[in-house]
Amino acid sequence: MPARQPVGQAGSVRRASSHVPATTDGGRLTFRQDYFADPAAFAALVALLSDTFGIDVSLQDRFGGPDPTSMPFAYFDENGTCVANLSAFSMPMRVDARLVKAAGFQSGAVRPQWRGRGLYRELMRRALNWCDAQGFELGLLLTDKPAIYQPYGFKVLPQHQVSGPAPVAAKPVGASRPVFLDNAGDLALVKRLLRERTPVSSIFAVAAQVEMFLLNGCFDPGIRLSYLDQPESVVAWKSGEADCFRLLDVVGKTIPPLPFILAALDQRPRRVEVCLPPDRLDWQGMPEPFPSHTSLMVRGDAADRLRQPVMLSPMAEF
Ligand SMILES: CC(C)(COP(=O)(O)OP(=O)(O)OC[C@H]1O[C@@H](n2cnc3c(N)ncnc32)[C@H](O)[C@@H]1OP(=O)(O)O)[C@@H](O)C(=O)NCCC(=O)NCCS
């Protein structure tokens, strides 16, 4: 059930983390948690994220709605406008060969007229308390403002893609075909494989999460999805510049080696860039810093043992 708690008193601003800053214009805010079952409240979040980031998360409706593990924390004004939000969601990870109970933090935004009053600090406090109570041992987020999250114990985990000459082509063992998420049959196929998947890397990879792969597949029209029949899998990839093949993710019970993938896709690039640790791809390249305006941050010691360069697949970005 959504939690409702009126907050805010006209004319005063309190900064203590256990209190919510009041409005200065006589309005009142209502704190709500776990409110996605309320269509009006969810639409208000869609508007907040559209106004703040220019993205349309209502696209998820065509895939069956938001991640059912999502736990949103938010403030709404008297008109039902969502003025601030932060959501946590479950994203089990394979980290250093171990299955780790991890949570992602996303959809963090405060409307401009409400910024600088401690709303986000309060939402962070509530979200982290909830995650700790749920027993999540790792927190993950992507941000262009790492300084905000350092006081809460988040550390930047540098990301490295792996690049090198393409492997010697294998003989094609199976067929491939394009997959389109706006085709109902293809969508059902991809969802099934996402639910059944083996993590694409044993070093650092998502173990189970469906919605972000589908949403990222829609957001970027440059991403190509291909179905391989042997072993049954879906490959997310891009044709990079200068005869380069960019591998973004592989979804299946069995991960095909990179030479098999290239043969099945009939790709003969000069170079390959792999946007994930390639330990299951039967190929090696050179790690190089991944150029990005966002930093991957982690909280919890589950990632401390990592000795090899890592990258979160772009299909898991949130
Ligand atoms: C970033 C944002 C969520 C902050 O919301 P806010 O309600 O103004 O933040 P708060 O007033 O609760 O401030 C919380 C803390 O973050 C710090 N902070 C706020 N904005 C910051 C920024 N841009 N860079 C670094 N620190 C920042 C504050 O100084 C404060 O620190 P303190 O607790 O030590 O006093 C808001 O400015 C926003 O929506 N920006 C656009 C979207 C965005 O960047 N979202 C985050 C993406 S990961």
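The figures that follow rest on heavy atoms only: side chains count, while hydrogens, waters and symmetry mates do not. When a ligand or atom number is given, it counts from 1 through the structure's own listing order.
Considering both main-chain and side-chain atoms, F53 never comes within under 3.5 Å of ligand 1 through any nitrogen or oxygen pair. Residue K145 has at least one nitrogen or oxygen atom sitting less than 3.5 Å from a nitrogen or oxygen atom of ligand 1, judged on distance alone. Checking only distances, G116 does come within under 3.5 Å of ligand 1, N or O to N or O. Between R121 and ligand 1, a contact under 3.5 Å exists for at least one N or O pair. Of the polar atoms of G108, at least one N or O is found under 3.5 Å from an N or O of ligand 1, judged by distance alone. For ligand 1, the polar-atom distance check finds an N/O of Y120 within less than 3.5 Å of one of the ligand's N/O atoms. At least one N/O-N/O distance between V110 and ligand 1 falls below 3.5 Å.
In Y149, the part holding a heavy atom less than 4.0 Å from any atom of ligand 1 is the side chain. Using a 4.0 Å cut-off between heavy atoms, T52 contacts ligand 1 through its side chain alone, with no backbone atom that close.
For CD of Q308, the number of neighbouring non-hydrogen atoms (other residues, nucleotides, ligands) closer than 6.0 Å is 12 at most.
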Worked verdict on D279 versus R94 for salt bridge (Lys or Arg N to Asp or Glu O under 4.0 Å): CA-CA 13 Å; D279 50 292; R94 181 73 67 176; over 6 Å; no

Pair E211-L215, side-chain contact (heavy atoms from CB on, under 4.5 Å): steps then yes or no: CA-CA 6 Å; E211 290 73 13; L215 206 51; 6.0 Å; no

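Of all the atoms in ligand 1, the ones that sit under 4.0 Å from a non-hydrogen atom of T143 are 48 (S). For ligand 1, the atoms lying closer than 4.0 Å to a non-hydrogen atom of G118 are 10 (P), 11 (O), 12 (O). Taking every heavy atom of A109 and a limit of under 4.0 angstrom, the matching atoms of ligand 1 come to 39 (O).
Comment: K238 engages D220 in a salt bridge, judged by a side-chain N to carboxylate O separation of less than 4.0 angstrom.
Taking the six-membered ring for Trp and the full ring otherwise, Y35 and F76 have centroids separated by under 6.0 Å. Aromatic ring centres of F318 and F105 lie farther apart than the 6.0 Å criterion allows.
Heavy-atom distances between P151 and ligand 1 stay at or above 4.0 Å for every pair.
The option with the heavy atom closest to atom 37 (O) of ligand 1, from among M297, R111, Q150, R115, is R115.
Residue pairs meeting the salt bridge (charged side-chain N to carboxylate O under 4.0 Å, His left out) criterion with at least one partner in residues 55-69, sequence neighbours excluded, are absent.
In this structure, a donor-acceptor pair under 3.5 Å is present between the side chains of E288 and Q161.
V173 belongs to a hydrophobic cluster with F260, counting contacts under 4.5 Å between side-chain heavy atoms of Ile, Leu, Val, Met, Phe, Trp and Tyr, direct or through other members.
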